Number of protein chains: 2
Amino acid sequence: MVKISDVSARAGVSPGAVSRVLSGDPTLRVSEETRERVLSAARDLSYVPNHAARALRTSRSSNLALIVPDVTSAVFAELARGAEEQAGMRDLTIVLARAEQLDTDSSWLRRVVGEGRIDGVILQVPDSAPESSIEALVDRDVPVVLINSMSGGPVSSLVLDDAAGIRVAVDHLHSLGHHSIGFVGGSSRSATGRRRLRGFIDAIDALGMETRDEWMTDVGYSGAEGRQAVTELLSRSTLPTGLVVANLNAALGVLAEIHARDLRVPGDISIVALHDVWYADATWPPMTTVKMPLRELGSEAVSLLLDQKADSPPEHRVIRAPAPELVVRSSTSVPTKRVTG
Amino acid sequence: MVKISDVSARAGVSPGAVSRVLSGDPTLRVSEETRERVLSAARDLSYVPNHAARALRTSRSSNLALIVPDVTSAVFAELARGAEEQAGMRDLTIVLARAEQLDTDSSWLRRVVGEGRIDGVILQVPDSAPESSIEALVDRDVPVVLINSMSGGPVSSLVLDDAAGIRVAVDHLHSLGHHSIGFVGGSSRSATGRRRLRGFIDAIDALGMETRDEWMTDVGYSGAEGRQAVTELLSRSTLPTGLVVANLNAALGVLAEIHARDLRVPGDISIVALHDVWYADATWPPMTTVKMPLRELGSEAVSLLLDQKADSPPEHRVIRAPAPELVVRSSTSVPTKRVTG
DNA sequence: ATCCTACATTAAATCGATTTACCACGTCAA
DNA sequence: TTGACGTGGTAAATCGATTTAATGTAGGAT
């Protein structure tokens, strides 16, 4: 491996000078000619600074940890891509970890952070997780950005504008002529779930429609829970003609259970799901969705982490751009008949 | 941050001694009593060795790069989990990257490797990728393990026993009474695709059934390509009663297109897909699959990477354990009628 | 001739752990 | 007494880049 002293030797200057030229130190005064010599020497030898040495000296590892509950989720994939892009631009690297490790082996994070391997943490706690597990991270000596979890509190956070997304979904159904619209959101035990429910109710109100408890469920985001949601809805008196599902994983389950009951989408019920991911048009029927700025969420998380000075107060941002966008496929249509459960 | 000299001071020994005690250097001779003092000093101060310093000295970063074509794929998720687990056990960290970056910015890998940030690479090239892009990595100065791509060649590789998985699928359909079985595999332009096709033909042969070209397609793994596969099958004379789909993403598309044609699964056609991932039972109907040892593939990749000495010849392993396992759901049944396209 | 800037660069300390080579001390045999 | 050996460590170099404080030199002003 070619090192800085090789470059400096070739350019006929000191290693210090090379370092300063290469990093563009503004306090350094060099003749244009020397600068050129250094630059071309570095190029000729294709010099790449050793990361460990730099990290040791500067005590920054240029590694960020991305901790998510579930790598499987398509939501994660988009998020990761955004984070990665932004990280790439800033010469950072993303280290992958499951939130699971936080529980089973909470020492993991402590250790990696203690070792100085991680400069910052992007954390998406499972909705199900007790908020106390977050607290455990607060006094840690790395900046943390919480994603899609609580807003407020001592840790910086970033959330999507779920309410806006849900509004788009509701508007769509309304404009098709639906007047009874149901909601399959996350559990109201989680902050996210409550935020979404609130968004739904507001959207319905704004259009002068009514919400009915029997049209709403209080389950999680998995496929199985989506199925369960439909079972619950059907066990009640009437079914709404339209359904907003706050998560595409759950929407798969919803779809499966609806089919299992021999109902038709969108014939018997129209469905709009939040988050536009690849398999939205591989379902049957292809699903109408609301595309949320997940990628931007990821990249913004990286930015926030880095722009955050050590002692600055936590920031809480809402990602609003680009605005949630309706992607019409085949799971929605004008309402036809109403089904009784 | 507490450093090694703090520990050594507290224990009344030299830093060198602490290092050697902590790393269990067998050539060090210490009295049991001194060892205890060192250990407890480290514990009391909750000493964690600085990673950068260690990396600088030992020139190993303890970082592995996991490069995949698509973080979205459920296959990736399982793989990543396996890799992560194994990495965790060995005190390594997994760095995430998209294979995309290899094309758009092939300097990325060069740079990170040059910086010494990466000790090894687990690489899953897209089936579509030219094999030349692999070559570009061969002479790099890090060990590389290729996943699910070519076998043989100068780079170590790891593949699943696809043939065995397909055999399980074919056996299942055969034992249900199917005699006309079709295949939606990967493109025959990729080594993986060819391997799978071979496995399929062998499995059919072994059971004394016949394969027909009109029952086989030659498309990729995406949902869209799965739809296209069905369109092609239907454009031909007869449809088989059973279908083996070599990938669950494609299977979603297959399912969607079948529904779109108003055919019934498993009434008109039974489907078995390779890879058992979470949404297999969130589809309609829930899909019968063959569970492949993806997790083991991931963990084995890490092991192979590390066990590989610098100058040892490349190894090519096939992951056979645990054996492919049939997961019966609702997309398969005894054959009823045969549909003409 | 002397002092003062401004300029262009360098020397050397530093980050923290690892590792090789060496040392001091005691004991035991010849 | 000497030398060989075992015991229980230590000193110091090293990994490679960064950064602070210092240094030599030329030119201009007094």
Side-chain angles (χ1 to χ4, degrees), chain A residues 1-39 41-42 45-62 91 111-119 141, chain B residues 1-39 41-42 45-62 91 111-119 141:
Chain A
M1 282 294 93
V2 29
K3 48 193 182 190
I4 202 168
S5 59
D6 298 332
V7 176
S8 66
R10 183 173 233 261
V13 295
S14 71
V18 174
S19 169
R20 298 174 68 190
V21 166
L22 259 33
S23 65
D25 180 342
T27 73
L28 169 69
R29 313 212 39 81
V30 259
S31 61
E32 198 47 45
E33 182 217 327
T34 313
R35 175 190 304 280
E36 273 312 321
R37 257 196 339 225
V38 169
L39 256 25
L45 301 173
S46 53
Y47 165 69
V48 181
N50 180 288
H51 182 251
R54 170 180 284 171
L56 175 57
R57 184 65 235 260
T58 62
S59 55
R60 281 193 294 88
S61 69
S62 299
D91 213 341
R111 190 166 49 74
V112 248
V113 167
E115 283 176 336
R117 267 162 107 155
I118 295 291
D119 292 341
D141 22 28
Chain B
M1 281 294 95
V2 29
K3 50 193 179 189
I4 201 168
S5 59
D6 297 333
V7 176
S8 67
R10 183 174 232 259
V13 295
S14 71
V18 173
S19 170
R20 299 174 68 190
V21 165
L22 259 34
S23 65
D25 180 343
T27 73
L28 170 69
R29 283 181 319 242
V30 261
S31 62
E32 196 48 43
E33 181 218 328
T34 312
R35 175 191 304 281
E36 272 312 321
R37 257 194 338 213
V38 169
L39 256 26
L45 301 173
S46 52
Y47 166 70
V48 181
N50 180 288
H51 182 250
R54 170 181 284 171
L56 175 58
R57 185 64 235 256
T58 62
S59 55
R60 281 194 292 90
S61 69
S62 298
D91 213 340
R111 190 166 48 75
V112 210
V113 168
E115 284 176 335
R117 268 161 106 155
I118 295 291
D119 291 342
D141 21 28

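Keep in mind the model is a prediction, meaning the values are calculated, not measured. In what follows, every chain begins at residue 1, and chains take the letters A, B, ... in the order their sequences are listed.
One atom, NZ of A:Lys3, and another, C1' of D:dT18, lie 16 Å apart when rounded to the nearest Å. Rounded to an integer number of Å, the gap from B:Ile4 CD1 to D:dT14 P is 19 Å. Between the OH atom of B:Tyr47 and the C1' atom of C:dA17 there is a distance of 6 Å, rounded to whole Å. Counting to the nearest Å, the P atom of C:dT9 and the CG atom of A:Asp25 are 14 Å from each other. Regarding B:Asn50, its CG atom lies at a distance of 16 Å from the C1' atom of D:dT14, rounded to whole Å. In this structure, CG of B:Leu56 is placed 17 Å from P of C:dT14, rounded to the nearest angstrom. Rounded to an integer number of Å, the gap from CD of B:Glu115 to C1' of D:dC15 is 16 Å. The separation between B:His51 atom NE2 and C:dT18 atom P is 11 Å, rounded to whole Å.
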Using the 3.5 Å cut-off, write out each protein N or O paired with an N or O of nucleotides 6-10 of chain D and the distance between them.
from   : atom 1 : to      : atom 2 : distance (Å)
D:dG8  : N7     : B:Arg29 : NH2    : 2.9
D:dG9  : OP1    : B:Thr34 : OG1    : 3.3
D:dG9  : OP2    : B:Ser31 : N      : 2.9
D:dG9  : OP2    : B:Ser31 : OG     : 2.7
D:dG9  : OP2    : B:Thr34 : OG1    : 2.6
D:dT10 : OP2    : B:Ser14 : N      : 3.0
D:dT10 : OP2    : B:Ser14 : OG     : 3.0
D:dT10 : O4     : B:Arg20 : NH1    : 2.9

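With values rounded to the nearest 0.5 angstrom, B:Asp119 atom CG is found 12.5 Å from B:Arg117 atom CZ. Here B:Ser8 contributes atom OG and B:Lys3 contributes atom NZ; the two are 10.0 Å apart, rounded to the nearest 0.5 Å. Distance CZ/A:Arg60 to CZ/A:Arg54: 9.0 Å, rounded to 0.5 Å. Considering NE2 of A:His51 and OG of A:Ser62, their distance stands at 4.5 Å, rounded to 0.5 Å.
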>> Is there a side-chain contact (heavy atoms from CB on, under 4.5 Å) between B:Val48 and B:Met1? Walk through the geometry before answering.
In response: CA-CA 8 Å; B:Val48 181; B:Met1 281 294 95; over 6 Å; no
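Interface remark: the A:Arg57 side chain does form a donor-acceptor pair with the C:dT14 base, using a distance-only criterion of under 3.5 Å.
A:Ala53 approaches B:Leu56 most closely through the heavy-atom pair CB-CD1, 3.7 Å.
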